[in-house]
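For reference, the structure discussed in these notes is given below.
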Protein chains: 2
Amino acid sequence: MRKFPAPIHNVVAALTKFPGVGPKTALRYAFSLLAMRQDERERLARSIIDLQNVQTCSECFAYCEQSICSICNDNQRSNDVLCIVSESRDISTIEAANVYHGKYLVLGGVLNPIEGQTPDILHVKELIKRLGEHPEIKEVILAFSPDIHGETTMMYLARKIKDLGRRATRLARGLPIGADLEYTDEVTLGDALIGRSEM
Amino acid sequence: MRKFPAPIHNVVAALTKFPGVGPKTALRYAFSLLAMRQDERERLARSIIDLQNVQTCSECFAYCEQSICSICNDNQRSNDVLCIVSESRDISTIEAANVYHGKYLVLGGVLNPIEGQTPDILHVKELIKRLGEHPEIKEVILAFSPDIHGETTMMYLARKIKDLGRRATRLARGLPIGADLEYTDEVTLGDALIGRSEM
């Protein structure tokens, strides 16, 4: 590849830190930045720097602007159920479904000892403390992606939660909307059969 | 979608200006930015602002750091052929093939009157001036993407170039490497047949 001017090179190097962005995509972004006006670039640069103002909620560890987030502060929300998610962004995904009306706790990742993600790095202690302080929590929903690390994390947490005398539940496995039966894997199909519902 | 803290919202809004980046991808990038250290974010922000230092070559209009780019300054390169490209980035694509050793001229886009891309916005005048001042240029290669606007631009420029008594050529149409004959469209296949070469 031809040597680009240093400023283009630098922005490409910085943009490849984004997930799923390789040199080609980064170069495409760089050229779109070059096509912008300088004040637009400055607005983007400022918004990136201003991310330092994002705080995490002291209750649930979700990203928020105050010390306690709007969900933890909401008295309308049910207190007898707690939903554990891996990352802050998972909350918005679940909220979009508009089915869950309890509170959340962000674990801060999944168990993955090889990558250094051990229970003491994650908010496991905080979960146990919260269950200890809030006997009204009867059920803990483990809303993790059903992949290898998500499954490991859910199994690990379920044991801890059951030791404290609470119910540990997980999201149903089944066919996503619009799925093709022919291409559904046998584990999903098996679980969808077991979890079948009356029509 | 749940309301995110304002700084996240702002960075998402700014990142959706990138080509092919919608709110979901922008949110993914925003969370990866939140996971970075502040000094890494500052480096990215600075590199974006520093793009104002990128100049365009006074000869070929490619992005460069000096007033004349390294290709235009290279006496080793052939002067009897000129390659016209739409954007600065196309030069690096062609250079990577390592087949062309002449000089370039960046048109600055393709003809698209509906989007306001008329000949006077593009470097058409500069091309004609260059051909007038450099009688040694015998051939002009029109290296545009073979889509509707690229084809229109090539037809428009070819007439101007031929009026000035020079050859106007275009890139060959044919099967890309690794292509599947079955899935090749009939126009490409027809042109590949016409342009067939001896083995």
Engaged part of B:A13 at the chain A interface, taking heavy atoms whose separation is under 4.5 Å
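No part of B:A13 comes within 4.5 Å of chain A.
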For A:Q38, which atoms come within 4.5 Å of any heavy atom of chain B: side chain, backbone, both, or neither?
side chain
Report which part of A:Q55 has an atom under 4.5 Å of a heavy atom belonging to chain B: side chain, backbone, both, or neither.
neither
side-chain contact (heavy atoms from CB on, under 4.5 Å) partner of B:F18, the single match among A:T25, A:L44, A:V21:
A:L44
With a 4.5 Å cut-off on heavy-atom pairs, point out which of [options] contacts chain A the most.
{"options": "B:L33, B:N10, B:L34", "answer": "B:L34"}
{"options": "B:R43, B:R28, B:E42", "answer": "B:R28"}
{"options": "B:S32, B:A45, B:A14, B:P19", "answer": "B:P19"}
{"options": "B:N53, B:L51, B:I94, B:L15", "answer": "B:L51"}
{"options": "B:Q52, B:E87, B:K17, B:M36", "answer": "B:Q52"}

Near [X] [atom1], under 6.0 Å, is it more than 12 heavy atoms from other residues, nucleotides or ligands?
{"X": "A:H134", "atom1": "NE2", "result": "yes"}
{"X": "A:R173", "atom1": "CZ", "result": "yes"}
{"X": "A:I148", "atom1": "CD1", "result": "no"}

Taking the side chain as C-beta and beyond, is there a heavy-atom pair between B:E65 and A:P7 under 4.5 Å?
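SC-SC contact between B:E65 and A:P7 confirmed.
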For a 4.5 angstrom cut-off between non-hydrogen side-chain atoms, does A:V54 reach B:I8?
yes
At what distance, to the nearest 0.5 angstrom, does OG of B:S88 lie from CZ of A:F4?
7.0 Å
Should [X] and [Y] be regarded as members of a common hydrophobic cluster, given that ILVMFWY residues are connected when their side-chain heavy atoms come within less than 4.5 Å of each other, either directly or indirectly?
{"X": "A:L157", "Y": "A:M155", "answer": "no"}
{"X": "B:I121", "Y": "A:F31", "answer": "no"}
{"X": "A:L122", "Y": "A:L164", "answer": "yes"}
{"X": "B:I91", "Y": "B:I68", "answer": "no"}

Trace of the side chain to side chain contact (heavy atoms under 4.5 Å, CB included) decision for A:R41 with B:I49:
CA-CA 6 Å; A:R41 287 196 289 264; B:I49 287 169; 5.7 Å; no
B:I48 vs A:I48, test: side chain to side chain contact (heavy atoms under 4.5 Å, CB included). Steps then yes/no.
CA-CA 10 Å; B:I48 291 168; A:I48 291 168; 3.9 Å; yes
